[in-house]
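One structure is given below, encoded as structure tokens.
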Amino acid sequence: MKAFAALLDALIYTTSRNRKLALVADYLRTTPDPDRGYALAALTGELDFPAVKSSTIRNLMADRVDPVLWTLSRDFVGDTAETASLLWPEDDISEASDVSVAKVVERLSGLNRNTAPGELAKLLDGLDSNGRFALIKLATGAMRIGVSARLAKTAFAQAFDVNVEEVEEYWHALSPPYAELFHWAADGGDPPNVSNVPRFRPFMLAHPLEDGTVDLAEYAAEWKWDGIRVQLVRVAGETRLYSRSGDDISASFPELLDVLPMDAVLDGELLVRGAAQGGEEGGAASFNALQQRLGRKTVSKKMLKEAPAFVRLYDALIIEGEDLREQAWEARRKALENLVPRLPDSHFDLSALVEARDFTHLAEIRETAREEAIEGLMLKRRDSAYIAGRKVGLWYKWKRDPLLVDCVLMYAQRGSGKRSSFYSDYTFGCWDGDPDNGAELLPVGKAYSGFTDAELKKLDKLVRQTTLNRFGPVREVERTLVFEVAFDSVHSSKRHKSGLAMRFPRIHRIRWDKPVHEADRIETLRALIKD
Amino acid sequence: MSKSTAFSWIRPEPWGIHIVPADTWVDPGRAVERALVTHGHADHARGGHGETIATPATLAIMDLRYNTREGAVGVEYGETLRLQGGVDATFFPAGHVLGSAQVLLEHAGERVVITGDYKRRPDPTCAPFEVVPCDVFITEATFGLPVFTHPPIEEEMAKLLGALEANPDSCVLVGAYALGKAQRVIAELRAAGHHAPIYLHGAMEKMCRLYEEHGVPLGELRLVSDHEKDDMRGSIVIAPPSALNDRWSRRLPNPITAMASGWMRVRQRARQRGVEIPLIISDHADWNELTRTIAEVNPQETWITHGREEALLRWCELHQRKARALALVGREDEDE
Ligand SMILES: [Zn+2]
Ligand SMILES: [Zn+2]
């Protein structure tokens, strides 16, 4: 537990992604099996001990600490696990004994509600305060230390110098402590056999089409829908739904788990029914509607009825045991077109190809994309295999041009990591009426990208020189600077005073020259809402 | 005067403790005719008093910070000073920072001790705390919560030196309060065998020199402003906490941020400040030191100031000790 507790602590205090990667990789290299596997599962939230609840900890403390002292301490520290780890009565802890992570997991797994308090107390007795903190976090499953599944997989790949896409392929098919995964990566053993599991295959991804054109004889064009990219996998009758990062999101979309009539691996866009994204395929609602359904562990009947999900199919990786990934896109597309009539149209449709005479014509068609709340176009090389990752020249995303609006800088916040000495996160607003007639600025968005290092220095200086108020790490500044802000779309939002929220705002240009009263008004933005 | 006055000659007011018969204040927050000052920190010491009574080291610190040479009256540890109205004042070491003192006040057969700030841990930069028996013990409570237990300083030094060794291309920037903490960290580093030059923020320089003049050797110190970025790779740099995320730190080579403070015990506190290496080093008593000291001094009454009075009051209640909280202003959450 000592090494794991030290890792947790180091991760908590590290803001840099690279340093986090190095810390996790180092731990995985130097820790024996099966500890490292369980630690990995703990970091990525894949361990669950239902017998241990936050209330279990509170009850244990109630038997050991005066309730007034507990409450005062808990209020000050702000975290139950940490408070408990600090207040646990400490007798002599023998230096030599260090219980392994695997042993802890084994003991926690065997608990029920009655045995949990006693066993947990025994474990806590053998640990120092950092160890107790790690144990409570592990047992209650609330790590929250900024390690995503993606970061953990990347660290794993880095630790053993293996391909992260391969790690991803096996990961979801295995369970903690991932013995086969470590055997393969660390000891050069055979790759894990995962053929009977509905596992995730890494996505083929696209590069942005910056400038330039493609020849439509070589590339097919397809709409890029504004939902979330998913992979639907059925193996041996069991279906799972994966997000782009490989997270299993099956539980949020139960209506998709028993509708695929054959074993297959399909790539598509997850959408919910609605009117905003019409096209020939019938209606899909805006991204906002889909967002209501993301991240839920259980889904109400009402929600299933009001916002039913379906998959608009882009590609087929495997159909009834036949792996199509080596085949050209044209062949896979044909197979997909043949498959779709066999699928229930309540839950599936085919993403149509966009036919154009030439690239100029395609550009014209793309211009209309905004009206249909589509993200843009995808351009796929007709003769390309399905290759995991982002390989140059095969797939391009050609997003519609961003929308632009002139906003006024209102607040600035310190960045993190390398930027921690700079005010690099900016909140900006638009006028709620005529600025020459007493209108006010209302915040409409926040951005921390789109400027050069030299510009950042200049902005930082301006923030410091024009500070009006300080609120912790945030400074309110005089209204002197206009940003031209680019964004993908704007939606209505009850959470913001301005009543709207931008998607993907970034600084497009800094308008040092522009007077603030010439910045845009809220009503300009409101006219762009396409909910 | 009979015992029934029950300490009425000593009166806590929001801006300080008033010794009524002597018309003298202890650590007043505003300028007064006559002040007893326990130590040089800004929440205890200030300029402008008619007469300032303190240890010679504290007077030197105050003169450096507030130009208070006029009206300064030096008192050595153990020396008793007779004030007006039949009040005797004796200074005893508090173990907090150089020159820090507890004040024993005696009047009409009653003994009152005001601790100022104190700690019980050994500190190479100042004289150790002495237990002074008394009737009323007026104690600080900056870390008056049971979650605050300061680890042995050797552990924290090992953490700091370990980080230094693991990052030879960076420097470790340690945030430390300019009076006391900075010099203690330097002296403890020397005791741990670290004899390389230590780089200082300009705000630290004069106080370090003052410590050395008072017999606390600190080894080779250099000013950051006199050196190039590359000189400081693999070195320790010490700066006031306010400089950690300031523009000033951009002149340092890839700094790793550490902070020496008792508040670092709480993870969220450290994260809020962007600290990568929290060093739990405090010049205040932790919970166990506070409660142990009350038990050892064993007063009739304990008066609590300066921090988290509530939890310490509760402890006194649980241990059947008479106690009350004093609401002195301007003493919360010092940046220690
Ligand atoms: Zn102090
Ligand atoms: Zn103080």
Side-chain angles (χ1 to χ4, degrees), chain A residues 6 8-16 19-20 22-23 26 61 64-79 81-90 128-130 133-134 137 144-146 413-423 453 457 460-461 463-464 472-473, chain B residues 141 143-151 155 159 162-163 166-167 170 173 243-252 254-259 263-280 286-288 291 307-319 333:
Chain A
L8 269 198
D9 247 21
L11 287 171
I12 283 172
Y13 297 120
T14 305
T15 50
S16 136
R19 275 190 204 159
K20 279 190 200 228
L23 285 167
D26 208 43
M61 295 315 295
R64 287 162 178 82
V65 177
D66 173 66
V68 176
L69 293 179
W70 164 262
T71 304
L72 290 169
S73 299
R74 168 68 184 72
D75 287 352
F76 181 84
V77 174
D79 178 272
E82 185 168 3
T83 313
S85 73
L86 291 168
L87 291 187
W88 190 260
E90 206 166 85
D128 65 8
S129 79
N130 282 348
F133 177 74
K137 287 285 176 192
R144 281 195 220 101
I145 49 165
Q413 187 170 356
R414 282 184 198 271
S416 56
K418 267 198 176 341
R419 281 179 168 187
S420 61
S421 76
F422 291 96
Y423 285 89
D453 284 356
K457 275 196 184 149
D460 179 72
K461 198 168 158 203
V463 168
R464 291 171 193 275
Chain B
F143 291 104
L145 269 182
V147 294
F148 290 111
T149 50
H150 310 324
E155 281 178 19
K159 228 195 274 178
N167 298 280
S170 307
L173 170 61
L244 288 190
N245 295 315
D246 191 55
R247 276 176 292 178
W248 175 84
S249 67
R250 290 180 206 164
R251 68 188 73 192
L252 304 176
N254 197 17
I256 298 168
T257 311
M259 168 109 160
W263 304 116
M264 294 297 107
R265 174 51 95 184
V266 175
R267 288 174 174 82
Q268 198 51 36
R269 284 275 178 137
R271 286 176 68 170
Q272 267 165 13
R273 305 202 63 143
V275 170
E276 291 161 283
I277 304 169
L279 303 170
I280 310 165
D286 70 5
W287 174 258
N288 294 328
T291 54
R308 262 142 265 291
E309 295 93 352
E310 250 182 298
L312 207 53
L313 264 185
R314 173 68 177 172
W315 180 88
C316 290
E317 184 191 332
L318 291 171
H319 291 78
D333 272 29

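Naming convention: chains lettered A, B, ... in sequence-line order (proteins, then strands); numbering from 1 in each chain. Remember, predicted model here, so these are calculated numbers, not experimental data.
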What's the separation between atom CG in B:L312 and atom OG1 in B:T291, rounded to the nearest 0.5 Å? 7.5 Å
Counting heavy-atom pairs under 4.5 Å with chain A, which one of B:I277, B:V275, B:N254, B:T257 comes out on top? B:V275
In chain order, what residues pass the side chain to side chain donor-acceptor pair (under 3.5 Å) check against B:R247, with sequence neighbours excluded? none
Which atoms of B:P151 come close to chain A, meaning under 4.5 Å heavy atom to heavy atom: side chain ones, backbone ones, both, or neither? neither
Separation of B:L173 CG from B:M259 CE (nearest 0.5 Å): 10.5 Å
So for A:N130, is it side chain, backbone, both, or neither that comes closer than 4.5 Å to the heavy atoms of chain B? both
Can you list the residues that meet the ring-ring contact (aromatic ring centres under 6.0 Å, His included) rule with A:Y423, with sequence neighbours excluded? none
Distance from B:D286 atom CG to B:R265 atom CZ, nearest 0.5 Å? 9.0 Å
Is A:F422 in contact with chain B via its backbone, its side chain, both, or neither, using a 4.5 Å heavy-atom distance? both
Salt-bridged, A:D460 to A:R464, with N to O below 4.0 Å? yes
Sort out for me which of B:I256, B:T149, B:L318 touches chain A most, counting heavy-atom pairs under 4.5 Å. B:L318
Contacting moiety of B:L244, where chain A heavy atoms sit under 4.5 Å: neither
In terms of heavy-atom pairs under 4.5 Å with chain B, the winner among A:L87, A:T14, A:D79, A:T71 is A:L87
Side chain of A:E82, backbone of B:R267: donor and acceptor closer than 3.5 Å? yes
Given that the side chain runs from C-beta out, which part of B:W287 has a heavy atom under 4.5 Å from chain A: side chain, backbone, both or neither? side chain
Under a 4.5 Å cutoff for heavy-atom pairs, which residue among A:V65, A:T83, A:D66 has the most contacts with chain B? A:D66
